[in-house]
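Notes follow the structure.
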Amino acid sequence: MKNIIQKYWFLIFIFLFSFFVFSFKIFSSVSFEGDLARDLYEILKISNSNLTLLGPKGSFGGLYTAPFYYYLFVPSFLLSGKEIYGIIIFNILLFSFSISFFCYFLLKKYRFFSVLFSGLILFFLPFMIFSARNPGNGFSHIPFFIIFLSILFFWDINKSSFLKSFLFGFLFG
């Protein structure tokens, strides 16, 4: 355990720092708006065994998006005792993990200070902070997109195993 901490101290620091900043005073600043209320209602229905194949209605007439967002947050919703804060904390964990994942691959190729500044720039973008603090169908795909781009740029896709290819395809979808 000590060797893991010594080897990955920077990534652990990035994860904990981003989690702290993203979650700073989160419970007093949650904006319980219409979309979040609609999504919580759908997540509650799914957690009560009423499965759905339709996600939120898009801005185009009659088109619905995929319900992955609902199913993604059901486990955290149930683990938190069906509290809204479970979904918010899980969303913050996703963003913190994706930034750490991004920095992990950068460390393999670039110098420490380049990685530090790149991670901090990504981390302090107002859009990232807002997206991490507000789960929603417009924001919750961003950590998966960051992981996808990291894999695309740093992995040799042609020499990967079936599991890596499956993960890459899942993140692309």
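One distance of note links CG of Leu94 with CZ of Phe144; it measures 5.0 Å at 0.5 Å rounding. Of the inter-residue distances, the one linking Tyr70 atom OH with Asp39 atom CG reads 4.5 Å to the nearest 0.5 angstrom. One finds the CD1 atom of Ile87 at 11.5 Å from the CD1 atom of Ile89 (value rounded to the nearest 0.5 Å). To the nearest 0.5 Å, the span separating CZ on Phe73 from CD on Glu42 amounts to 15.0 Å. Between Ile92 atom CD1 and Ser23 atom OG the span is 5.0 Å, to the nearest 0.5 Å.
For the residue pair Leu72 and Phe90, the shortest heavy atom distance occurs at O-CE2, 3.7 Å. The two atoms that bring Ala132 and Asn91 nearest to each other are O-ND2, 3.1 Å, heavy atoms only. Nearest approach of Lys82 to Ser47, heavy atoms of both residues: CE-OG, 3.9 Å. Pairing each heavy atom of Arg133 with each of Lys25, the nearest pair is NH2-O, 3.7 Å.
Not one N or O on the side chain of Tyr69 forms a donor-acceptor pair closer than 3.5 Å with the backbone of His141.
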Please list every donor-acceptor pair under 3.5 Å in which a side-chain atom of residues 10-21 meets a protein atom from a residue at least two apart or in another chain.
from: Ser18; atom 1: OG; to: Ile14; atom 2: O; distance (Å): 2.9
from: Ser18; atom 1: OG; to: Phe15; atom 2: O; distance (Å): 3.0
from: Ser18; atom 1: OG; to: Ser96; atom 2: OG; distance (Å): 3.1

Give every donor-acceptor pair under 3.5 Å between a side-chain atom in residues 101-130 and any protein atom, sequence neighbours left out.
from: Tyr104; atom 1: OH; to: Lys108; atom 2: NZ; distance (Å): 3.2
from: Ser118; atom 1: OG; to: Ser114; atom 2: O; distance (Å): 2.7

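For CZ of Phe145, the number of neighbouring non-hydrogen atoms (other residues, nucleotides, ligands) closer than 6.0 Å is 12 at most.
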**Message:** Please evaluate residues Tyr71 and Thr52 with respect to the criterion side chain to side chain contact (heavy atoms under 4.5 Å, CB included), reporting the C-alpha separation (whole Å), side-chain torsions for both, the decisive distance (0.1 Å), and the verdict.
**Reply:** CA-CA 9 Å; Tyr71 290 101; Thr52 183; 4.0 Å; yes

**Item:** Verdict with supporting geometry, Ile46 and Phe77, side chain to side chain contact (heavy atoms under 4.5 Å, CB included)
**Value:** CA-CA 10 Å; Ile46 292 170; Phe77 185 65; over 6 Å; no

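Under the rule for a side-chain contact (heavy atoms from CB on, under 4.5 Å), the partners of Ile84 that lie at least two apart in sequence or sit in another chain are Val30, Phe32, Leu36, Leu40, Ile88.
Phe95 is listed as a side-chain neighbour of Ser131, based on a closest heavy-atom distance under 4.5 Å.
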